[in-house]
Amino acid sequence: MKYTEEHEWLLAEGDLIVVGITAHAAEQLGDVVFVELPEPGTEVSKEDEVVVIESVKAASDILAPLDGEIVEVNEAIVENPALVNEDPEGEAWFFKIKPTDPSQMHGYMDAAAYKDFVG
Amino acid sequence: MTELLRTPLFDLHLELGGKMVPFADYEMPVQYPAGIMAEHNHTRAKAGLFDVSHMGQVILRGADVAAVAAALETLIPMDVLDLPEGRQRYGLFLNDAGGILDDLMFANRGDHLFLVVNAACKAQDVAHLKAALEPAVTVEEITDRALMALQGPMAEAVLTEFAPEVAQMRFMDVRTLDLDGVEAWVSRSGYTGEDGFEISVPADRAEELARRLLAHDAVAPIGLGARDSLRLEAGLCLYGHDIDQGTLPGEAGLGWAIQKVRRSGGARQGGFPGADAVLAQLADGPARKRVGLRPEGRAPMREGVEIFAEAEGGAPVGRVTSGGFGPSVGAPVAMGYVPADLAAAGTPLFGEVRGKRLPLTVAPLPFVPANFKR
């Protein structure tokens, strides 16, 4: 598992990367009440705003961590946004991306580095 | 940045794990570890304890309470003179154009009037009162008392354990009570749509009383986040958002707060700032109205979202002034202003969120039925 400074986690699954938000991010957001996901098939560039997530407090964006194609999205969190708070690093994954350049993964933090990052 | 102020319950908030944020010059808990949704639901189901000590508490005294009431009637369009001892009313300070300077609660406490005003407006309100009413009326801002609110269907049962007399109080009654040795000025009122009490106590006894209330199984601490979602579902205005200096009472849906005696044809009609504009709007009907709004989807429509009559094209017809997710409704809810001819419940409109026009419907307020003990 790799982590971004935007508090996303990235997990390799075959030639795809599964992306979600960390437990730390979910806790900071508070109760999630709305998630808007991209259409599968969307081509995205690193740092594009691809997901809108709204908590009881505020709206935030989730950025694409890699260049590539969104191949699958998790409709379960659209139907039940509270899942993001309940199981952010498991059931509540956001999307799966097929990266154009898998080496972009190398720039991200490992678990220990992310732990230091969030203090 | 000037240093933020702290309420007498600041240390208790930290001990309870409150997440502190700046609000109206104070450092206040926006939530506790339970989170906004759980705190909201707890208040609707049991009883929530809110620290509202940042709000302004003001005492007005004069030759007698009638003289003070007559003086206050020159600043607010409410019937103050006929307010019986031990009763409280909702009021509005107005500017010369009839715009709302602040909203407030005022109570007849026998030999004086007791006012509670918004934190962000309190310095301005006190200056306004002093400029207009002194020296005949003395205006004293009370800074040595905390204010807390105990809200929810179990609030009465909880407070009855401290003072059985609270069971006899009706909505908007005020009394001085002895709560386990603490002198408390209690009103049966609140800002959640639930039954409950607002309790003013000496600052140096506030933490002790708060701890005793929180020791009760039914009581949990509630932050500003849930306070906002509770009042929004209850259809209650937040000053500076749903009402401000550019809003007249009529268009804000607050005409009910202006009693007949102060309206055109009443025994004490007018005689308050902006009376001509305010009374004309009540008589003729406003051009725009504050309404409830129910977005059809799950996307919250927050303050600032522009409202359109059509799915495409055209200029905005209104704007959301408060909005978010309503935990008790289980869906997004909002309030905003729309033209009077689009203000009927059921009118389909659109709110523009992130560049997309999403359907919404004008809805009756409140979104959840009030649960007051009338």
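Since the model is a prediction, treat every value here as computed from it, not as a measurement. We name chains A, B, ... by the order of the sequence lines, and we start the count at 1 in each one.
Within a 6.0 Å sphere centred on CD of A:Glu47, heavy atoms belonging to other residues, nucleotides or ligands number 12 at most. Within a 6.0 Å sphere centred on NZ of A:Lys2, heavy atoms belonging to other residues, nucleotides or ligands number more than 12. Around CG of A:Asp110, the count of heavy atoms belonging to other residues, nucleotides or ligands within 6.0 Å exceeds 12. Around atom NZ of A:Lys46, more than 12 heavy atoms belonging to other residues, nucleotides or ligands sit under 6.0 Å away.
Interface remark: B:Arg298 contributes backbone and side-chain atoms alike to the contact with chain A (heavy atom separation under 4.5 Å).
Annotation: residues 64-90 of chain A contacts chain B through A:Val78, A:Glu79, A:Pro81 [non-hydrogen atoms, separation under 4.5 Å]. Identified by a heavy-atom distance below 4.5 Å to chain A, the contributing residues of residues 305-326 of chain B are B:Phe325, in residue-number order. Contacts from residues 10-27 of chain A to chain B, taken as heavy-atom pairs separated by less than 4.5 Å, involve no residues at all.
One finds the CG atom of A:Asp31 at 9.0 Å from the CD atom of B:Glu39 (value rounded to the nearest 0.5 Å).
A:Glu36 and B:Lys356 make their closest contact through OE2-NZ, 3.3 Å (heavy atoms, listed as atom of the first residue, atom of the second, distance).
With sequence neighbours left out, the salt bridge (charged side-chain N to carboxylate O under 4.0 Å, His left out) criterion links B:Arg354 to A:Glu54.
Ranked by heavy-atom pairs shorter than 4.5 Å toward chain B, the options A:Ala58, A:Ser55, A:Gly30 are led by A:Ala58.
Looking at A:Val33 and B:Pro300, their side chains come closer than 4.5 Å, going by heavy atoms from C-beta outward.
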